[in-house]
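Each remark here refers to the structure printed beneath this line.
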Amino acid sequence: MEPINTHNGLVYPLPKRNVDTDQIIPKQFLKRIERSGFGQFLFYNWRFDDDGQPRQDFTLNEPKYKGASVLIAGDNFGCGSSREHAPWALLDYGFKVIIAPSFADIFYNNTTKNGILAIKLSEEQVDYLLKQAEKNSYILTIDLKNQIVYDNLEFKAGFDIPAYHKHMLLNGLDEIGITLTYADQIKQFEQTHN
Amino acid sequence: MKQPKTIIQKIWEKHTVVQETEKPDLLYIDLHLVHEVTSPQAFEGLRLTGRKVRQPERTYATVDHNVPTINRPLIRDEVARKQMDTLRSNCAEFGIRLADIDHPDQGIVHVIGPQLGLTQPGKTIVCGDSHTSTHGAFGALAFGIGTSEVEHVLATQTLWQNKPKTLNVQIDGPLGPGVTAKDLILAIIGTFGVKFGTGYVIEYTGEAIRGLSMEERMTVCNMSIEAGARAGLISPDETTFEYLRGRRYAPDAAAFEEAVEEWKQLATDKDATYDHTVTLDARKIEPQVTWGTNPGMCLPISASVPDPALIEDQDEKNAVQQALAYMGLKPNQQLTSIEIQHVFIGSCTNSRITDLRKAASVIRGRKVHPSVRAMVVPGSFTVKMQAEQEGLDTLFREAGFEWRDAGCSMCLAMNEDVVPAGERCASTSNRNFEGRQGNGARTHLASPEMAAAAAIEGRFVDVRQVMAPTV
């Protein structure tokens, strides 16, 4: 997975709570056996009508959000199904950072395994960012090493991230490779565990 | 004196392989259940890195999400067939047991695990499916994982996991007559919301929980994820042990009694503390129906659809307005006035033999309403056979239900069992998200009894009235 250190990108605001993984990537696209190519199906039923034409009323289709790489959303983003196709679709579409007041647990885990940075900010901070991104072409910078998010005007906020996830993201590490360095401990554990 | 512990802490301690500072714990996984949708990329990852499955005998696979429930073994959807073929070849390559589409043990992964006795108290159980929480009913720590974690478990039989916070959901008093485990879990989510369990493992406690059968406990634990909790469990007791006795993969004979003694030690100690506790009085719960687009948007059958005009919080108001627009409902409309066109009895929440028996008890001597298409999809081939031995298939068929083969089916409509856009389904499944049962489809979650009653009436009714003795 690609390491993340600092990221600078256009913000797309999605002011909805409880965005579930069925919306992020509908089930009809889960039959593929590859990991790649899911971006075209991101938010499919919101983005496209029954004929596969872009819906005018879904803001991600607006030209001003073309190239967005930072997604700002409402509370409990990524709830529902464990499908990792959701972060695959977000990443493949171009989103590297997601900011929300909270994330569903499984989705959060899945983002960290794919080099997406999921950042929790307060409701007030998220509301502010949503409003900025709805008004203008709005750019945010995310500095993972120093754990801050800022714009080029007045917004600046620190964020928390578990040390382990930060380490994995900063270095783009293969977690299985790391775990296999503990093979002796696992083997020893298995000898007494039934 | 020994520090009192919750069952969650006890299972965690017994499975911690490595504990280091500033890191999650490395947790050993006893049982890994695998299905066709979330595994192909994980096996491909193993192949690309030349890794093996560490413990094939702790791994068990089946096909459930994609399988057709009619005209088997014909699979018309080529993409789906390829995914099932891929699982078959992966299981052969890596030496994993597979209950394939034509195997007598095939079924929904969360139905067959318990049925085979693979699911046992004290185990850590994972699957690339969020409803893995179902297995918590046995006092196992069971949770859903993504495909990267599936690959990690295949390769190492472990996962790095942060110790979860513990949440006690205490349900006092018995459930009233005609009120089910499904109503209970819907009421819990309706009361406390779709994210009150985020970051926690739930333990369900209290008189109402103790009074539930194993299959009812599975229904409750199944929907823990709809409250945000990756896992929800119930301390094992005699009900648990009796269910497991004699199951194929449960310990047999003398070993079983020894196992029971060990399992008894797992239950949460008297005086153990939780990070958080919520309580609900089961006696006040009525049969529930969801009206909106997440499981928290749920009300007693006697209620009316919410009126956004009366909601002050702007975000909440918007969410309710959007849900009503999607669902095609009017504010203040009585839930009993909602007419349905489809009924789905099935899914990992409610497709076990007792679910089918309960639905059948409502159907007996009645007919499906002429404007309703109704289907029963048993959770496993074994459930189907048992139901047929009991004559339930005849009863359902004669009432006008379709009687299908086992799979996830219309719960997520990955196969051909789809609700058309704009139409309404009374469903015993777990998610009423937009488009879940088909693009534009409108899902109302309910118990098997309530869904069966809706099938007869063509609209939602209080099943307690349908079942009331006629004078």
Side-chain angles (χ1 to χ4, degrees), chain A residues 1 15-18 20-23 26-28 30-35 44-46 50 74-76 79-88 102-114 123 162-165 167 174-180 182-183 185-186 188-190 193-194, chain B residues 14-15 17-18 22-24 26 28 37-38 40-41 44-45 49 51 54-55 65-66 77 79-80 82-83 86 128-130 132 143-149 151-152 155-158 160 162 194-195 198-199 225-226 228-230 294 315 319 322 412-414 421 431 433-436 439-440:
Chain A
M1 107 191 165
K16 268 179 184 278
R17 288 180 183 175
N18 302 318
D20 58 76
T21 54
D22 273 78
Q23 307 317 315
K27 75 288 190 127
Q28 62 266 38
L30 306 185
K31 294 174 192 167
R32 303 168 78 245
I33 57 170
E34 300 84 17
R35 225 175 237 267
Y44 190 88
N45 293 342
W46 288 348
D50 294 344
D75 204 18
N76 198 27
C79 59
S81 156
S82 62
R83 58 189 71 168
E84 197 161 314
H85 312 67
W88 294 338
S102 73
F103 296 92
D105 290 339
I106 302 177
F107 176 81
Y108 182 85
N109 262 348
N110 286 341
T111 59
T112 64
K113 314 288 180 193
N114 288 279
E123 291 267 4
Y164 177 75
H165 289 152
H167 176 70
D174 165 21
E175 196 180 36
I176 298 176
I178 295 171
T179 308
L180 289 173
Y182 292 89
Q185 282 100 318
I186 297 171
Q188 206 175 357
F189 179 91
E190 282 173 334
H193 182 76
N194 55 19
Chain B
K14 278 191 180 149
H15 290 82
V17 181
V18 175
E22 295 245 307
K23 261 189 164 178
L26 189 65
Y28 196 76
V37 175
T38 57
Q41 297 86 353
E44 184 62 14
T49 48
R51 290 168 179 150
R54 183 176 178 85
Q55 296 283 5
H65 281 63
N66 265 340
D77 180 341
V79 193
K82 189 174 174 195
Q83 203 168 47
T86 303
D129 188 281
S130 61
T132 308
F143 52 93
I145 57 178
T147 299
S148 294
E149 290 177 313
E151 185 180 341
H152 194 282
T156 71
Q157 206 56 41
T158 63
W160 295 99
N162 288 308
V194 291
K195 56 163 277 192
T198 304
I225 185 66
E226 313 317 332
R230 287 177 79 184
N294 72 48
D315 286 340
Q322 283 167 12
L412 82 169
M414 276 190 79
R431 290 192 175 128
F433 295 155
E434 287 182 25
R436 174 84 178 175
N439 193 10

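Note that the coordinates shown come from a computational prediction; the quantities given were computed from them, not determined experimentally.
Scanning both residues, B:E434 and A:W46, for their nearest heavy atoms gives OE1-NE1, 3.0 Å. Across all non-hydrogen atoms, the minimal contact from A:F103 to B:T198 is O-CG2, 3.6 Å. When all heavy atoms are compared, the tightest approach of B:L412 to A:K27 is O-CG, 3.1 Å. What you find for B:S130 and A:S82 is that their closest heavy atoms are N-OG, 3.4 Å. Minimum interatomic distance between A:H165 and B:N162 (heavy atoms only, all atoms of both residues): CE1-ND2, 4.3 Å.
Neither the backbone nor the side chain of B:A421 comes within less than 4.5 Å of any heavy atom in chain A. Of the atoms belonging to B:T86, it is side-chain heavy atoms, and not backbone ones, that fall under 4.5 Å from chain A. Using a 4.5 Å cut-off between heavy atoms, B:E44 does not touch chain A at all. Using a 4.5 Å cut-off between heavy atoms, A:Y164 contacts chain B through both its backbone and its side chain. B:A155 touches chain A through backbone and side chain together, each having a heavy atom under 4.5 Å away. B:H15 touches chain A through backbone and side chain together, each having a heavy atom under 4.5 Å away. Interface residue B:S148: backbone and side-chain heavy atoms are both found under 4.5 Å from chain A. With a threshold of 4.5 angstrom between heavy atoms, A:R35 approaches chain B through its backbone and through its side chain. Interface remark: A:T21 contributes no atoms to any contact with chain B (heavy atom separation under 4.5 Å). Of the two parts of A:Q188, neither the backbone nor the side chain holds a non-hydrogen atom closer than 4.5 Å to a non-hydrogen atom of chain B. Both the backbone and the side chain of B:E151 come within contact range of chain A, with heavy atoms under 4.5 Å apart. For chain B, no part of A:F107 is nearby; none of its heavy atoms comes within less than 4.5 Å. For a residue to count as touching a neighbouring chain, one of its non-hydrogen atoms must lie under 4.5 Å from one of that chain's; by this rule A:Q28 does not touch chain B.
In this structure, the side chain of A:K31 engages the main chain of B:M414 through a donor-acceptor pair within 3.5 Å.
Between the OH atom of A:Y44 and the CG atom of B:N439 there is a distance of 9.0 Å, given to the nearest 0.5 Å. Within the model, atoms CD of A:E123 and CG of B:D315 stand 7.0 Å from one another, a figure rounded to the nearest 0.5 Å. Rounding to the nearest 0.5 Å places CG of A:N45 at 13.0 Å from CZ of B:R436. We find the NZ-CG distance between B:K195 and A:N18 to be 8.5 Å, quoted to the nearest 0.5 Å.
Donor-acceptor pairing under 3.5 Å is lacking for the side chains of B:Q41 and A:E84.
Every residue meeting the ring-ring contact (aromatic ring centres under 6.0 Å, His included) condition with A:H85, not counting sequence neighbours, appears here in chain and number order: A:F38, A:W88.
Put simply, the side chain of B:H152 does not reach to within 4.5 Å of the side chain of A:K113, judged on heavy atoms. Between B:R54 and A:I186, the closest side-chain pair of non-hydrogen atoms falls below 4.5 Å. Counting heavy atoms from C-beta on, the side chains of A:L180 and B:R51 come closer than 4.5 Å. When side chains are defined from C-beta on, A:K16 counts as touching B:Q322, because their heavy atoms get closer than 4.5 Å. At a threshold of 4.5 Å between non-hydrogen side-chain atoms, the residues B:R431 and A:S81 count as touching.
Note on B:T49, B:T132, B:V18: by heavy-atom pairs under 4.5 Å with chain A, the leading option is B:V18. Of the residues considered (B:N294, B:I145, B:I225, B:T38), B:I145 shows the highest number of contacts with chain A, using heavy-atom pairs under 4.5 Å. By number of non-hydrogen pairs under 4.5 angstrom with chain B, the leading residue of A:I178, A:N194, A:N109 is A:N109. The residue among B:G144, B:G440, B:G228 with the most heavy atom pairs within less than 4.5 Å of chain A is B:G144. No other option in A:D105, A:N76, A:D174, A:N110 has as many heavy-atom pairs under 4.5 Å with chain B as A:D105. Note on A:R83, A:H167, A:E190: by heavy-atom pairs under 4.5 Å with chain B, the leading option is A:E190. Most heavy-atom pairs under 4.5 Å with chain A, from the set B:E226, B:Q157, B:K23: that is B:K23.
Between A:F189 and B:Y28, the ring planes lie tilted relative to each other; the angle falls in the 30° to 60° range.
Within a 6.0 Å radius of CD in B:E22, no more than 12 heavy atoms belonging to other residues, nucleotides or ligands are found.
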